[in-house]
Number of protein chains: 2
Amino acid sequence: MTTVLKLGGSVVTQKDTPETVDDAALDRAAAAVADSGLAGGDGAGDRDGAGGLVVVHGGGSFGHHHAAQRGVTSTDGTREAGDVVAIHGAMGRLNAAVVERLGAHGVPAVPVRPLSAASRDADGALALAAGAVETMLGEGFCPVLHGDVVAHADAGVTVASGDDVVAALARSLAVDRVGLCSTVPGVLDADGTVIPRVDRFEAVADAVGGSDATDVTGGMAGKVRTLLELGVPAHVFGPDDIPAFLAGGAPGTLVAGDPTDGTGE
Amino acid sequence: MTTVLKLGGSVVTQKDTPETVDDAALDRAAAAVADSGLAGGDGAGDRDGAGGLVVVHGGGSFGHHHAAQRGVTSTDGTREAGDVVAIHGAMGRLNAAVVERLGAHGVPAVPVRPLSAASRDADGALALAAGAVETMLGEGFCPVLHGDVVAHADAGVTVASGDDVVAALARSLAVDRVGLCSTVPGVLDADGTVIPRVDRFEAVADAVGGSDATDVTGGMAGKVRTLLELGVPAHVFGPDDIPAFLAGGAPGTLVAGDPTDGTGE
């Protein structure tokens, strides 16, 4: 049983202040991971040796700040090594803070940097080599990945968001459950109420901002599309629901696209 | 044409002082890489877009210090995440110094961390996923790898030396030439003279310390064995010969094992 928990950049950082961790929020998330027993820590006795927990965090005020300054997005790349070092370095500082805080709660967290393990082809498809992650899980560690810059054929280096990394992991690793924790409690309908389940994008298109490339809802449209294509049940929830998700519950919105019926696209 | 240049830990660090870069030696090496034009930099005009240069550096006084303190070797692992973070973190500081110095000379250097991309199976075989490295090379960057700790099936996390990383790269990437720069000018015979060419281990076993597991010659026996198995021409030379190697010459000792004749083992 392998679980992926994505902690949004807006959850673990103070998004408006460059390179500032939200210490209290990060500490609560780390404590919840430790308490779940999914990734070693205090409750590790019930791990069965197979699977475990992978944590992925977003960029928040670390990555976005440096990427925006340099005009680097998931499609507009840079060929300046200095840009790569600056953006990746900032994400490394946030990653070290997340690993450290998880470690302080007894979670055997170790860093995994997507720049080293992932790349995009000329069509923009992101491939993440998961051999290191898989071996870490087998040995009882909790790999901690993050949104990063990655080499991109014909484009230099582009941004791979935390959500992109989650999707790439789900393609290259046997993942059973995915949870995406952001600052909203789920996918919201037009009245601001959490939609319990989404099976097709069309059913929520109006509420999450339609299929326009311009994503005015803080990324929820893109997130739902990505999750529908995962082929793995994905839960979208807020910070208070991390314990419920890790305990096997279904807080927030369950996004459960069936990749075989074609409606996920 | 893809070239791998390994800079020994004893070349780029002051090996007896914990976590101390040998600034002058590192700067000379970085200048030689820039001058060669193989990896962008001032002479980049003659690059043909295919291939390029990969730099790998050893641990020197960064990695060895922390690994020895914790009893972690290439076969004796650790299951403590704190050990992993400490050893990997020290190597990250050295890697950042190497990337920074190369960048200062105009080399488009970007970091690649083996912990994120490599793992050992239960037989100890090291596999390094080279997709990121390959895409970086295609985009004109100079990936900089290093000796590191890697997840190891049934052993936790063990050390992968810089030489191990070079060998793994040569298995997963189309590498044309390998150069290993250490503090000695080549493989030496019993009189201390550089042997120009080694094709079989037996021919140099007496001089380099035989086939004993205890490696009393600073790693040269293990290095020669590893290089004979590469299937790629490998040159062993000292710091003064980096420019000659990068210019296509054959300074020091050429180790050219033929993997098909079985004598490399």
Side-chain angles (χ1 to χ4, degrees), chain A residues 39-41 77-85 88-89 92 96 99-100 102-104 106-122 126-145 148-158 172, chain B residues 39-41 77-85 88-89 92 96 99-100 102-104 106-122 126-145 148-158 172:
Chain A
T78 178
R79 293 183 188 275
E80 291 295 322
D83 290 345
V84 178
V85 170
H88 180 68
V99 167
E100 188 277 328
L102 287 164
V107 176
V110 293
V112 173
R113 316 293 311 273
L115 175 63
S116 298
S119 57
R120 282 203 169 95
D121 65 19
L126 180 68
L128 177 76
V133 168
E134 197 171 357
T135 308
M136 286 169 179
L137 288 172
E139 296 301 301
F141 293 99
C142 172
V144 183
L145 292 79
D148 202 355
V149 279
V150 297
H152 186 151
D154 300 340
V157 163
T158 56
S172 57
Chain B
T78 178
R79 293 182 188 277
E80 293 294 324
D83 291 344
V84 178
V85 170
H88 180 68
V99 166
E100 189 277 329
L102 286 164
V107 176
V110 293
V112 174
R113 316 292 312 272
L115 175 62
S116 298
S119 57
R120 282 201 168 97
D121 66 17
L126 180 68
L128 177 76
V133 169
E134 198 170 356
T135 307
M136 287 169 180
L137 288 171
E139 295 302 300
F141 293 99
C142 172
V144 182
L145 291 80
D148 201 353
V149 279
V150 297
H152 186 150
D154 299 342
V157 163
T158 56
S172 57

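Lettering follows sequence order; numbering is per chain, from 1.
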| In terms of heavy-atom pairs under 4.5 Å, which option from A:Val112, A:Thr135, A:Val157 contacts chain B the most? | A:Thr135
So for [X], is it side chain, backbone, both, or neither that comes closer than 4.5 Å to the heavy atoms of chain A?
X: B:Glu134; answer: neither
X: B:Val150; answer: neither
X: B:Ala155; answer: backbone
X: B:Asp154; answer: both

Which atom pair, heavy atoms only, marks the closest approach of [X] to [Y]?
X: B:Val84; Y: A:Phe141; value: CG2-CE2, 4.0 Å
X: A:Ala117; Y: B:Ala132; value: N-CB, 4.2 Å
X: A:Ala109; Y: B:Ala81; value: O-CB, 3.6 Å

| remark: Taken in chain and number order and not counting sequence neighbours, the residues that satisfy side chain to side chain donor-acceptor pair (under 3.5 Å) with A:His152 are A:Thr158
| query | Given a strict heavy-atom distance threshold of 4.5 Å, which part of A:Ala118 is in contact with chain B: side chain, backbone, both, or neither? | reply | backbone
| chain B heavy atoms under 4.5 Å from A:Glu80: which part of the residue, side chain, backbone, both or neither? | backbone
Go through [options] and name the one with the most non-hydrogen pairs under 4.5 angstrom from chain A.
options: B:Ser119, B:Ala130, B:Ala127, B:Ser116; answer: B:Ser116
options: B:Asp121, B:Leu115, B:Leu102; answer: B:Leu115
options: B:Pro111, B:Gly89, B:Gly92, B:Ala129; answer: B:Pro111

| remark: salt bridge (charged side-chain N to carboxylate O under 4.0 Å, His left out) filter on B:Arg120, not counting sequence neighbours, yields B:Asp164
